[in-house]
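Quick note on labels: first sequence line is chain A, next is B, and so on, each numbered from 1.
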Protein chains: 4
Amino acid sequence: MVRRMIDAGRLVLERDGYANFSTNRVAEAAGTSPGSLYQYFRDKDDLLTVILDQYWDEAAQRVEASLADRLSDSPDQMVRNVVNALLLALEQDSQLLHVAVEAIPQQRLQSRHQALRRRVQDLVSTYLNLLLRSSGRNASTRAWVIVVSMEGLAVRWVLDRPDISREELVEELTALVENYIGALIPEA
Amino acid sequence: MVRRMIDAGRLVLERDGYANFSTNRVAEAAGTSPGSLYQYFRDKDDLLTVILDQYWDEAAQRVEASLADRLSDSPDQMVRNVVNALLLALEQDSQLLHVAVEAIPQQRLQSRHQALRRRVQDLVSTYLNLLLRSSGRNASTRAWVIVVSMEGLAVRWVLDRPDISREELVEELTALVENYIGALIPEA
Amino acid sequence: MVRRMIDAGRLVLERDGYANFSTNRVAEAAGTSPGSLYQYFRDKDDLLTVILDQYWDEAAQRVEASLADRLSDSPDQMVRNVVNALLLALEQDSQLLHVAVEAIPQQRLQSRHQALRRRVQDLVSTYLNLLLRSSGRNASTRAWVIVVSMEGLAVRWVLDRPDISREELVEELTALVENYIGALIPEA
Amino acid sequence: MVRRMIDAGRLVLERDGYANFSTNRVAEAAGTSPGSLYQYFRDKDDLLTVILDQYWDEAAQRVEASLADRLSDSPDQMVRNVVNALLLALEQDSQLLHVAVEAIPQQRLQSRHQALRRRVQDLVSTYLNLLLRSSGRNASTRAWVIVVSMEGLAVRWVLDRPDISREELVEELTALVENYIGALIPEA
DNA sequence: TATGAATGAGACTTCATTCAT
DNA sequence: CATGAATGAAGTCTCATTCAT
């Protein structure tokens with residue numbers, strides 16, 4: 001039943017947009033009554049938070065799933081794989097991606113998204129430190145630059161559908177990152 | 001009078017956020033009545049569109065103003081200057097930037113934003129063609145990558161205020177772009 | 001229009017009781033729409049407060065009106081007149097009296113009532129001091145006893161309609177007060 | 001189980017007030033489910049009625065208990081005792097007293113209260129007849145005046161806590177009643 | 001043209017009550 | 001008997017929009 005409501009809320013969000021994400025409409029879509037919603041969620045925002053948190057978790061899982069068996073690749077392959085996995089993950093549900101990144105007027109509802117971004121950033125930062133053997137002074141900054149730019153590019157590509165194929169994009173983003181990290185990467 | 005309403009709307013948006021952007025409040029801030037609003041704007045969204053369009057135009061103007069007298073610099077200086085100008089422009093009114101990129105539930109209202117992005121992208125594309133003397137085959141793609149990533153990074157830096165100084169950020173973004181364009185840029 | 005809503009609210013309160021005093025019903029009774037109510041009253045409680053304040057003011061006015069030309073009577077006549085005036089005043093609108101004293105679950109809404117009671121108590125206290133030439137030590141206590149008992153008796157008589165005529169009641173209450181004040185009252 | 005629910009209802013009434021006296025909350029406080037409530041009570045009002053009836057019965061019992069062994073006192077002592085007992089009884093649970101006399105929007109629920117008042121009134125009436133050896137013509141009226149005024153004064157004193165000590169109040173109320181009954185009372 | 005009172009649909013939420021288990 | 005999830009009517013309040021003045 002919780003699942004029914006989450007699915008219904010997701011449906012409404014995808015089909016009608018955040019502006020029409022009303023408790024009545026969600027209840028109708030779930031085939032229940034508006035009151036039932038409040039048996040499982042504190043209020044409307046609570047449901048929304050759950051839906052979005054779940055969305056980001058799923059996206060993260062999809063990325064991880066795409067990467068699971070490729071961790072031993074060369075740095076170049078690895079970057080390429082991560083970028084590809086990111087695009088694949090965000091492509092899965094672009095309607096909800098749109099809602100999640102553009103149509104939610106309250107960013108406090110996006111805490112899980114923020115947390116994920118930070119976690120990824122830490123991973124990248126750690127990786128850079130290993131790779132570059134340099135002091136961590138600006139590894140963190142570079143990690144931020146990489147994570148934010150990759151996410152932004154992936155999101156915009158999925159949502160705006162510019163005339164760029166995925167293969168082409170993967171090439172470019174890979175180049176962007178690798179050239180940024182620079183000559184420091186040992187040649188594979 | 002149109003100006004009064006636009007300014008009032010902007011004030012409300014900055015001060016109270018999109019959630020409290022109501023016609024009554026705008027009219028009050030403008031010192032007029034809600035009815036008058038409908039003599040100059042089709043509806044509430046129309047006013048919002050005008051405000052946001054104006055915001056993006058101003059941002060574009062600010063970028064251009066910062067660059068007007070530096071077009072003859074070396075490519076490296078030029079990239080640096082553009083990045084710096086972009087950050088300065090977006091910093092001007094981060095409240096409204098927040099509303100414009102995060103708090104508006106309907107992206108169709110952002111057509112001017114899209115148009116601006118495309119115009120800049122075309123400029124960059126042209127520039128890349130000149131610089132690289134290469135076929136335009138993927139200059140357009142590269143321009144898209146550069147424009148989208150720069151905008152995304154600048155926006156997030158202004159809105160999230162990560163622990164990165166402007167100087168540091170300018171360095172990193174400049175490096176990101178220059179290394180992306182690659183060895184093709186003649187050394188300054 | 002404010003008046004229309006106050007009257008409508010009063011009607012609903014008298015006809016349907018506090019339990020059915022809903023904004024929708026008041027609007028309907030006023031021949032307006034629910035939204036209009038909020039142009040003149042902060043919320044439902046605000047309207048209720050205005051109605052009750054007005055009720056108590058009217059009751060006070062009726063008491064005063066009944067007394068205006070009889071201030072020169074003997075103490076005995078005066079007590080009799082006050083008691084009679086009180087009964088007459090509360091009889092005017094027993095439906096609303098019922099709501100005002102029994103059916104309002106929030107006593108904070110009754111601030112005007114409390115204020116009136118205190119004002120009357122002060123008057124009585126002053127009067128007792130004049131009459132008894134005694135120290136004010138317990139004139140205040142006695143005033144409280146008199147005011148509270150008279151109000152309580154008058155209210156219950158109006159609301160419960162026991163088998164007691166008004167004349168009889170006036171006699172008894174007059175006796176109650178006079179004997180309480182005691183032999184100290186100079187015989188008229 | 002009935003007792004569990006009555007006690008829970010009472011707790012809710014005292015702790016949260018009538019405004020929060022919901023079946024869900026009562027059930028929770030009783031450690032049962034809302035459905036069970038309807039196995040023992042027709043509806044919410046029915047439970048409320050039972051609680052209030054019980055409250056008034058207890059209050060009456062407390063008054064009687066305070067008086068049980070003092071029936072042979074002088075009339076003066078007796079009045080004093082009754083008044084004192086009444087105050088003590090109502091003081092026991094002023095939270096519930098508040099709910100019972102001020103916060104319940106439907107007086108029909110107070111039938112037991114009315115019945116108690118009538119019973120006491122009859123006792124007083126009988127007593128007055130014995131004492132005054134007068135015709136019963138207005139003994140009943142006088143009993144009404146005495147009972148209603150005493151109850152009203154006691155309730156207001158408990159709920160409003162005016163700056164009057166219990167001793168002082170007992171003195172005054174005793175004086176009020178005795179002087180009302182008048183010279184007819186044989187001196188003690 | 002400007003006004004601003006009036007509108008009324010619709011939002012979120014509560015809660016007494018029911019009924020299948 | 002007991003449960004407690006489900007119900008859904010109804011409540012309060014907001015606000016974009018209209019229209020008579």
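- The partner of F/dG11 is E/dC12, judged by Watson-Crick or G-U wobble contacts that both fall below 3.5 Å.
- For the pair A/Leu90 and A/Val158, the tightest heavy-atom approach, listed with the atom from each and the gap, is O-CG1, 3.7 Å.
- Projected onto DNA chain F by closest heavy-atom contact, C/Asn20 and A/Thr32 fall at different nucleotides, the more 5' of which corresponds to A/Thr32.
- Distance A/Leu37 CG to E/dC12 P: 9 Å, rounded to the nearest Å.
- When rounded to the nearest whole Å, the span between OH of D/Tyr18 and P of E/dC15 equals 12 Å.
- E/dA20 and F/dT3 make up a base pair, with Watson-Crick or G-U wobble contacts both under 3.5 Å.
- Considering every non-hydrogen atom in both A/Asp160 and B/Arg117, the closest pair reads OD2-NH2, 3.5 Å.
- The interatomic distance linking A/Asp46 (CG) with E/dT14 (P) rounds to 12 Å, in whole Å.
- The OH atom of A/Tyr38 sits 6 Å away from the P atom of E/dC12 (whole-angstrom rounding).
- A/Thr23 comes within contact range of at least one nucleobase, with a heavy-atom separation under 4.0 Å.
- No side-chain heavy atom of C/Arg112 sits less than 4.5 Å from a side-chain heavy atom of C/Tyr55.
- In this structure, A/Lys44 atom NZ and E/dT13 atom P are separated by 8 Å, rounded to whole Å.
- If you walk DNA chain F from 5' to 3' and mark each nucleotide with an atom closer than 4.0 Å to a heavy atom of chain D, the marks span F/dC1 to F/dG4.
- With a 4.5 Å cut-off on side-chain heavy atoms, C/Lys44 and C/Phe21 count as touching.
- Atom CD in A/Glu28 sits roughly 12 Å away from atom P in E/dG10 (whole-Å rounding).
- Closest heavy-atom contact between D/Leu97 and D/Val155: CD1-CG2, 4.2 Å.
- Residue A/Asn24 contributes atom CG, which lies 7 Å from atom C1' of E/dA11 at whole-angstrom precision.
- Nucleic acid contact class of C/Ser36 (heavy atoms, under 4.0 Å, all strands): base.
- In this structure, D/Phe21 atom CZ and E/dT14 atom P are separated by 19 Å, rounded to whole Å.
- Inter-residue side-chain proximity for B/Gln54 and B/Arg10 is flagged as met; some heavy-atom pair is nearer than 4.5 Å.
- Heavy-atom nearest nucleotides on DNA chain F were determined for B/Arg42 and for A/Met1, and the one closer to the 5' end corresponds to A/Met1.
- Counting non-hydrogen atoms under 4.0 angstrom, D/Phe41 reaches nothing in the nucleic acid.
- Residues B/Ser33 and A/Ser22 both approach DNA chain E. Their nearest nucleotides, taken by heavy-atom distance, put B/Ser33 toward the 5′ side.
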D/Glu151 vs D/Arg156, test: salt bridge (charged side-chain N to carboxylate O under 4.0 Å, His left out). Steps then yes/no. CA-CA 8 Å; D/Glu151 182 187 317; D/Arg156 293 258 63 85; over 6 Å; no
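- Mapping C/Gly35 and D/Pro34 onto DNA chain E via the closest heavy atom, the residue that lands nearer the 5' end is C/Gly35.
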